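Not measured: the values here are computed from a predicted model. We name chains A, B, ... by the order of the sequence lines, and we start the count at 1 in each one.
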Amino acid sequence: MSVTKDDIIDFLYDEARMLDEGRYDDWLALWLKDGHYWMPLDYKQTDPLNVTSLMYEDIFMLKVRVERLNGARTFSQKPKSRCHHVLQRPWVDEIDLESGRIRTTTQMHYIETRLDEQMLLALTAQHDLALIDGRLRIANKRVDILNCDAAFGNIQLLP
Amino acid sequence: MTRYTGDKAAVAALVQGHQVHRDVYIDPEVYRLEMKHLFANAWIFVGHDSQTPNKGDYFTTMVGDQPVIQVRHTDGEIYVLYNRCPHKGTKLVIDRTGNTGKFFRCPYHAWSFKTDGCLLAIPLKKGYENTGFEQTDAGHGMKSVGAVMNYRGFIFCRLAEEGISFEDFFGGSLSSIDNMVDRSPAQRLEVAGPPLRYMHKCNWKMLVENQTDTCHPMVAHESSAGTAVRLWKELDMPEGTPLPPAMEIIAPFTSPYEFFENMGIRTWPNGHGHTGVHHSIHSNYTEIPGYLDKLSATHGEEKARAILGENRHNTVYFPNIMIKGPIQQLRVFIPLAADKTLVESYIYRLVDAPEELTARTAMYNRMINAPTSIVGHDDLEMYERAQEGLQADGMEWVNIQRLYDPDEDFEQESVLNGTTEKQMRNQFHAWVKFMTHDMPAREAAE
Ligand code: FES
Ligand SMILES: [Fe+2]
């Protein structure tokens, strides 16, 4: 079983496209069951658990998050937000097919908009990927916002 | 045109017991008067002493609209100084935290000050000889706030030189801070990491009122807590499966009205009060192994159980903070403009308690109070809609009448049905008191 650098890069572009198009079922299906989506609050934060993060969510809470977006009484999503990821070509930092461990770093600009407001965030996403039955999956994802310590209004979709 | 400045009666008339005029939320002039009077006369939260543990450590923040520095002086005491060089006004430090060593040195012309604010040195000082410099404000060094109190690690200050004492201002409400600190086997809290910083385009008082607004969770948070409860049910876990920590935190937000009615609200004089007198959304968290034993070693088992049995939900310390004793969280609502508020949400570690408690608190903070929180999103949506809706000229008053009693007394502690809006009225009663306390009556102003 093998995977090329191009396969990995395509996978990351496809993931961003799913988020932009709001295809959350497809997106959740990319994840391994015990994965976590981590968005640190502090620059170069090392501990996700015992200090505050912006997000540190398992698959169940990610599912709640995306289900909520379509709820009949989800007031902050009436009208809905839209988002847009612009990716720089990802760095494939490690491919270890023996252990099935793949690590990537992707820098991107993330735009989220609702009503007359639009926000731009500069992000660095680090993916731990796994190759399972010939398919790439997300084992863990860390998203650092360049100005993570700034005060934000609502960030409602998934950077 | 000024409508309120120098007119005590006009300011007092904005609050009518069961309703308040919209200008308290939307009028920039009222906002400026709040900064000048309310935030100067009341005791305002600055920071926690663990944010500046060592000599020379400083932390910068705002007291109302005033930039201040909390700093630990060489004698170990904490000082609160205005963040302004006495020379030309340059802010002396602009990072949020740091260590300045034994003195502050202004980056503009190198005047330096000891960490209690006293002037230390000026380059080429002889240029001020025989100029009367010693008699000027500048010659006295950095200015201190009127009064500072370190209450069990929490630093409060009063900007005004004279006024109500700390004890008289807070009275019995300090029992909520006591309960939070008593939960540490070492009787000590330590700040855990930086705060969440969440910008709100609404008036600061909307946030403070929301802290004891027990009729909104089941409505505004149906989309988050309700979805979580539904998806958990759909997993069809075997009977008796313990709720995961995230579900323990979010599920109580969908509790029915009776739950909130029965939890009770307590009010204290000067605008302080709390929800969750009898129980709260924090009552049913799983016990962390070993914690009760550690706490009993400090207090004895009976007292330890009593401390943990107190599950106050939100305690509002008027004017602009809220604490949650059971999870060691503090939120400060920093007013930036009539329609702009910065919310900073801090968490604290209970010194010598199991770290799982800190993990639960950190989880609560990010799940409920982050700019990325699915619960916070709906709260902010409501505040911002209110800020915009209040522009409508059709109606000028905001109703706070739930369980209103025209004879209600704010000078005595009271315990009432948990859905009363008395705590909101209590806040406005105190608002008038501290707004008008040092305002001239109209005749005198003219
Ligand atoms: S402004 Fe600070 S020394 Fe001149
Ligand atoms: Fe809320």
Side-chain angles (χ1 to χ4, degrees), chain A residues 28 36-81 110 112 114-117 119 121 143 145 147-159, chain B residues 96 191-201 219-232 235 244 246-247 250 329 334 336 342-347 349 355-367 369-382 384-385:
Chain A
L28 285 172
H36 280 84
Y37 182 120
W38 182 22
M39 187 189 287
L41 170 63
D42 203 5
Y43 186 63
K44 296 193 172 161
Q45 187 171 331
T46 54
D47 179 359
L49 290 177
N50 297 311
V51 291
T52 309
S53 296
L54 287 162
M55 283 174 65
Y56 185 66
E57 291 186 357
D58 62 11
I59 303 305
F60 178 75
M61 284 313 295
L62 286 173
K63 187 151 192 253
V64 172
R65 177 178 287 274
V66 301
E67 278 273 321
R68 171 185 169 276
L69 292 173
N70 292 318
R73 290 185 176 154
T74 303
F75 307 111
S76 78
Q77 283 298 296
K78 290 178 179 300
K80 287 190 183 306
S81 303
Y110 172 78
E112 190 176 299
R114 180 171 176 257
L115 292 165
D116 291 331
E117 300 284 330
M119 158 179 67
L121 299 174
V143 178
I145 302 179
N147 59 338
C148 53
D149 45 4
F152 300 112
N154 278 347
I155 302 172
Q156 299 208 54
L157 302 181
L158 283 156
Chain B
R96 287 185 199 121
V191 71
L196 288 164
R197 304 179 71 241
Y198 197 172
M199 195 63 84
H200 285 56
K201 282 190 269 174
V219 182
H221 303 309
E222 182 187 325
S223 73
S224 47
T227 303
V229 169
R230 178 170 61 78
L231 291 183
W232 179 256
L235 289 181
M247 281 302 291
I250 202 168
Q329 185 200 38
I334 300 175
L336 300 178
L342 171 61
V343 185
E344 295 193 329
S345 300
Y346 286 92
I347 57 167
R349 177 182 304 115
E355 196 68 340
E356 290 96 314
L357 289 159
T358 320
R360 174 152 71 203
T361 295
M363 178 182 268
Y364 187 97
N365 210 26
R366 67 176 180 259
M367 277 179 63
N369 298 124
T372 38
S373 158
I374 57 175
V375 175
H377 291 159
D378 287 311
D379 282 321
L380 177 56
E381 177 74 12
M382 295 311 130
E384 293 186 349
R385 286 191 194 194

| Is the closest basic N to carboxylate O distance between B/R366 and A/E57 below 4.0 Å? | no
Of all the heavy-atom pairs spanning [X] and [Y], show the shortest one and how long it is.
{"X": "A/A151", "Y": "B/L342", "result": "CB-CD1, 3.5 Å"}
{"X": "A/G153", "Y": "B/P371", "result": "O-CB, 3.3 Å"}
{"X": "B/A192", "Y": "A/N50", "result": "CB-O, 3.9 Å"}

| task | Go through A/K78 and B/D378 one step at a time and tell me if the salt bridge (Lys or Arg N to Asp or Glu O under 4.0 Å) criterion holds. | result | CA-CA 10 Å; A/K78 290 178 179 300; B/D378 287 311; over 6 Å; no
| request: Please look at A/M55 and chain B and tell me whether the side chain, the backbone, both or neither of the residue comes under 4.5 angstrom of a heavy atom of that chain. | output: both
| request: Please assess B/N365 against A/T52 for the test side-chain hydrogen bond (donor to acceptor under 3.5 Å, both in side chains), listing each intermediate value before the final yes or no. | output: CA-CA 7 Å; B/N365 210 26; A/T52 309; 3.0 Å; yes
Using heavy-atom distances under 4.5 Å, tell me whether [X] contacts chain A through its side chain, its backbone, both, or neither.
{"X": "B/P195", "value": "backbone"}
{"X": "B/I374", "value": "both"}
{"X": "B/E222", "value": "side chain"}

| Is the closest side-chain donor-acceptor distance between A/R68 and B/T227 under 3.5 Å? | no
Using side-chain heavy atoms (C-beta onward) and a distance below 4.5 Å, is [X] in contact with [Y]?
{"X": "B/R197", "Y": "A/D149", "answer": "no"}
{"X": "A/Q156", "Y": "B/T372", "answer": "no"}
{"X": "A/F75", "Y": "B/M382", "answer": "yes"}

| field | Sidechain-backbone polar pair: B/H377 side chain, A/I155 backbone, donor-acceptor under 3.5 Å | value | yes
